[in-house]
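The figures here come from the full heavy-atom set of this structure, side chains too, leaving out hydrogens, waters and symmetry mates.
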Amino acid sequence: MTIKEKTRPLRVLQLTDPHLMARADGDLLGVKTRESLQAVISEVLRVHGQPDLILATGDLAQDGSLDAYRVFGKSLQVFSCPSTWIAGNHDQGENLERVAAEFDANRRHVIQGGWQFVMLDSSVPGKVFGALADSELDFLANTLEEHPHLPAVVALHHHPVDIGADWMEKIGLTNREAFWRVVDRFPQVKIVLWGHIHQEHEGERQGVQLMATPSTCIQFTSGSSKFAVEDLPPGYRWFEFHDTGDFTTEVGRATDFQFDLDQTSTGY
Ligand SMILES: [Fe+2]
């Protein structure tokens, strides 16, 4: 191993809430979700080049169709690294799992670069809010128990803390106390990461860094008391993880992407 390889950080890309559809020109409030995802992917390649791992944190499909998941999988083939997918409130769990298996994106515990990534399914069929079933909480606890020495990123779709937007209060993780009871037992958890809120968010809770990331399509207005969208470009989050347990992160956006957002909408 050369010195360069030894010191190179692990490069991780988070993509979230692409809301793809079977229809090639499918849009969300005027934003064609396939085009905005492609714009984000081009931006990632232009700015960073290849990642080593991709975390896809839910709402991969708006319509839950097999076609939409396959479009997502094929879109990621420009990257030469593995990805791992979890469901959001818009996803159809069985279809997502089936296509994730086709693209080898169904591992929910990944160890890479001296870090571990635990992907949790917080989706509840037919509901916008999220909850972690006992089986998910057990999976989290057992995984962290088995790997106490690797710094951990725990990812899920729904926000497990208040993000200061009234309309989103009821659509977060409903059993967040149970989630934090598990996380609080494991000091190796460094980051809790999610999607769902279609905006950048950063916070801290008892030494754990809390992060959410813009959608690859439309953005919700941060801090808004009621549903509102903001004409910010589609985005992603980039991480560089060091095997010392340190990391850096940044949000990037496809600023050249042209779109005509319907800002009069009262829902999505
Ligand atoms: Fe979403």
Side-chain angles (χ1 to χ4, degrees), residues 11-51 54-65 67-81 83 85 88-91 99 103 157 159 163 165 167-168 193-202 211-224 226-239 249-268:
R11 297 148 59 86
V12 176
L13 169 65
Q14 182 197 8
L15 294 175
T16 196
D17 296 80
H19 290 262
L20 297 171
M21 302 169 216
R23 269 184 44 214
D25 63 348
D27 74 279
L28 215 53
L29 310 188
V31 175
K32 289 184 178 156
T33 58
R34 289 195 193 186
E35 287 181 6
S36 62
L37 174 62
Q38 286 311 320
V40 167
I41 288 172
S42 298
E43 182 73 4
V44 169
L45 289 170
R46 189 182 70 77
V47 175
H48 304 280
Q50 289 285 335
I54 299 165
L55 311 176
T57 46
D59 283 359
L60 309 185
Q62 170 76 2
D63 61 6
S65 66
D67 283 352
Y69 296 115
R70 289 189 178 121
V71 166
F72 185 65
K74 284 181 187 148
S75 300
L76 298 190
Q77 286 176 333
V78 295
F79 299 115
S80 48
C81 70
S83 64
W85 306 357
N89 50 296
H90 283 91
D91 287 302
V99 180
F103 287 88
H157 182 68
H159 45 295
I163 59 147
W167 75 276
M168 293 206 114
L193 177 69
W194 63 90
H196 192 45
I197 65 172
H198 291 226
Q199 62 197 269
E200 181 175 0
H201 182 88
E202 277 165 19
M211 294 175 203
T213 300
S215 159
T216 67
C217 58
I218 60 169
Q219 316 307 324
F220 301 152
T221 307
S222 129
S224 180
K226 58 184 194 331
F227 178 86
V229 284
E230 201 166 14
D231 64 350
L232 286 170
Y236 63 91
R237 183 178 288 277
W238 184 262
F239 291 98
T249 185
E250 64 187 282
V251 161
R253 294 179 189 268
T255 47
D256 290 341
F257 179 66
Q258 302 287 320
F259 58 101
D260 192 9
L261 181 69
D262 173 9
Q263 288 185 282
T264 62
S265 176
T266 54
Y268 76 112

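When all heavy atoms are compared, the tightest approach of Ser265 to Gly267 is OG-O, 2.6 Å. Of all the heavy atoms in Leu193 and Thr213, the pair that sits closest is CD1-OG1, 4.2 Å. Of all non-hydrogen atoms in His159 and Met168, the two that sit nearest each other are NE2-O, 2.9 Å. Nearest approach of His201 to Trp194, heavy atoms of both residues: CD2-CZ2, 3.9 Å. In plain terms, the two heavy atoms of Ile197 and Ala212 that are nearest each other are CD1-CB, 3.5 Å. The two residues Pro233 and Ala254 come nearest to each other via the heavy atoms CB-O, 3.4 Å.
In summary, the side chains of Thr57 and Gln14 do present a donor paired with an acceptor at a separation below 3.5 Å, with no hydrogens or angles considered.
Heavy atoms of other residues, nucleotides or ligands lying less than 6.0 angstrom from CG of Asp260 number 12 at most.
Here the side chains of Phe257 and Val40 are not in contact, with every heavy-atom distance at 4.5 Å or above. Contact check for Leu76 versus Trp85: side-chain heavy atoms found under the 4.5 Å cut-off. Val47 places none of its side-chain heavy atoms less than 4.5 Å from the side chain of Trp238. For the pair Leu232 and Glu200, the minimum side-chain heavy-atom distance is 4.5 Å or more.
No option in Ile218, Ile41, Val31 other than Val31 meets the side chain to side chain contact (heavy atoms under 4.5 Å, CB included) test with Ser36. Among Glu250, His48, Arg253, Glu43, the one residue that satisfies the side-chain hydrogen bond (donor to acceptor under 3.5 Å, both in side chains) test with Tyr236 is His48.
Of the possible donor and acceptor atoms, one in the side chain of Arg34 sits under 3.5 Å from a partner among the backbone N and O of Met21. Proximity of a side-chain donor or acceptor of Thr216 to a complementary backbone N or O of Gly235 within less than 3.5 Å is not detected. Between the side chain of Asp59 and the main chain of His19, no donor-acceptor pair closer than 3.5 Å is present.
The line from CG of Asp63 to CZ of Arg23 is 9.5 Å long, rounded to the nearest 0.5 Å. The distance from atom OG1 of Thr33 to atom CD of Gln38, rounded to the nearest 0.5 Å, is 10.5 Å. One distance of note links CZ of Phe72 with CG of Asp67; it measures 15.5 Å at 0.5 Å rounding. Distance check: Asp17 CG to Gln219 CD gives 9.0 Å after rounding to the nearest 0.5 Å. With rounding to the nearest 0.5 Å, the separation of CD in Gln50 from CZ in Arg11 is 8.5 Å. Distance check: Thr16 OG1 to His198 NE2 gives 7.0 Å after rounding to the nearest 0.5 Å.
Phe239 meets the ring-ring contact (aromatic ring centres under 6.0 Å, His included) test with Phe241; sequence neighbours excluded. Partners of His157 under the ring-ring contact (aromatic ring centres under 6.0 Å, His included) rule, at least two apart in sequence or in another chain, are His196.
Between Tyr268 and Phe227, the ring planes lie parallel to each other; the angle is under 30°, not in the 30° to 60° tilted range.
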